[in-house]
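A short write-up of the structure that comes next.
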Amino acid sequence: AAQADALALAERIAAQSPVAVRTLVRSLRRKQDEGLEAALWREADAQAHCYGTHDMHEGLKASIERRAPRFQQHENYVDSEVKGPKSR
């Protein structure tokens, strides 16, 4: 049962925008003890990064049209590092 639940969750994650999933994973892997302010900056930067993507527009369009989205955008994990407040 646990394996089936894990596979179902993996399928749901895999169906999401690759850019959004990558940004989420990156944010979760960053140090968790940086404090609330750093976490809020990281989240704001991640959202700003995702809002400008083709996948964001595809997701909205698919929702309006009541169909499954067809995400196509991928990114290079190393080249797209989201910066925190110290890099401003």
Side-chain angles (χ1 to χ4, degrees):
Q3 183 178 8
D5 290 343
L7 288 173
L9 178 59
E11 287 176 3
R12 286 181 49 208
I13 292 170
Q16 304 306 309
S17 165
V19 174
V21 172
R22 181 70 52 123
T23 303
L24 171 67
V25 169
R26 183 183 307 112
S27 184
L28 291 172
R29 287 183 175 166
R30 303 274 309 245
K31 290 196 287 188
Q32 295 179 11
D33 57 272
E34 290 179 347
L36 179 60
E37 184 177 357
L40 291 174
W41 275 111
R42 224 176 22 253
E43 180 61 22
D45 284 346
Q47 286 182 18
H49 175 74
C50 289
Y51 287 161
T53 65
H54 174 270
D55 278 355
M56 171 71 176
H57 297 286
E58 167 59 17
L60 290 172
K61 185 177 178 183
S63 180
I64 291 168
E65 296 173 358
R66 300 194 183 274
R67 62 171 172 80
R70 293 180 294 272
F71 298 121
Q72 298 176 351
Q73 187 170 353
H74 297 275
E75 67 177 7
N76 185 318
Y77 189 79
V78 176
D79 294 341
S80 62
E81 188 66 27
V82 176
K83 307 296 183 198
K86 294 180 183 177
S87 65
R88 296 185 182 278

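Grouped with Tyr51 in one hydrophobic cluster are Met56, Leu60, the linkage being side-chain heavy-atom contacts under 4.5 Å among Ile, Leu, Val, Met, Phe, Trp and Tyr residues.
Between the Thr23 side chain and the Val19 main chain, a donor and an acceptor come within less than 3.5 Å of each other. The closest donor-acceptor contact from the side chain of Glu58 to the backbone of Arg70 lies under 3.5 Å.
Taking the side-chain contact (heavy atoms from CB on, under 4.5 Å) definition, one finds that Ile13 meets it with Leu9, Val21, sequence neighbours left out. With sequence neighbours left out, His57 forms a side-chain contact (heavy atoms from CB on, under 4.5 Å) with no residue at all. Listed by chain and number, the residues in a side chain to side chain donor-acceptor pair (under 3.5 Å) with Ser17 are Asp55 (sequence neighbours excluded). The side chain to side chain donor-acceptor pair (under 3.5 Å) test applied to Glu65 returns Arg67, not counting sequence neighbours.
Contact record, Pro69 with Ala62: CA-CB, 3.6 Å, taken as the closest heavy-atom pair. The two residues Ala20 and Cys50 make their nearest non-hydrogen contact at CA-SG, 3.9 Å.
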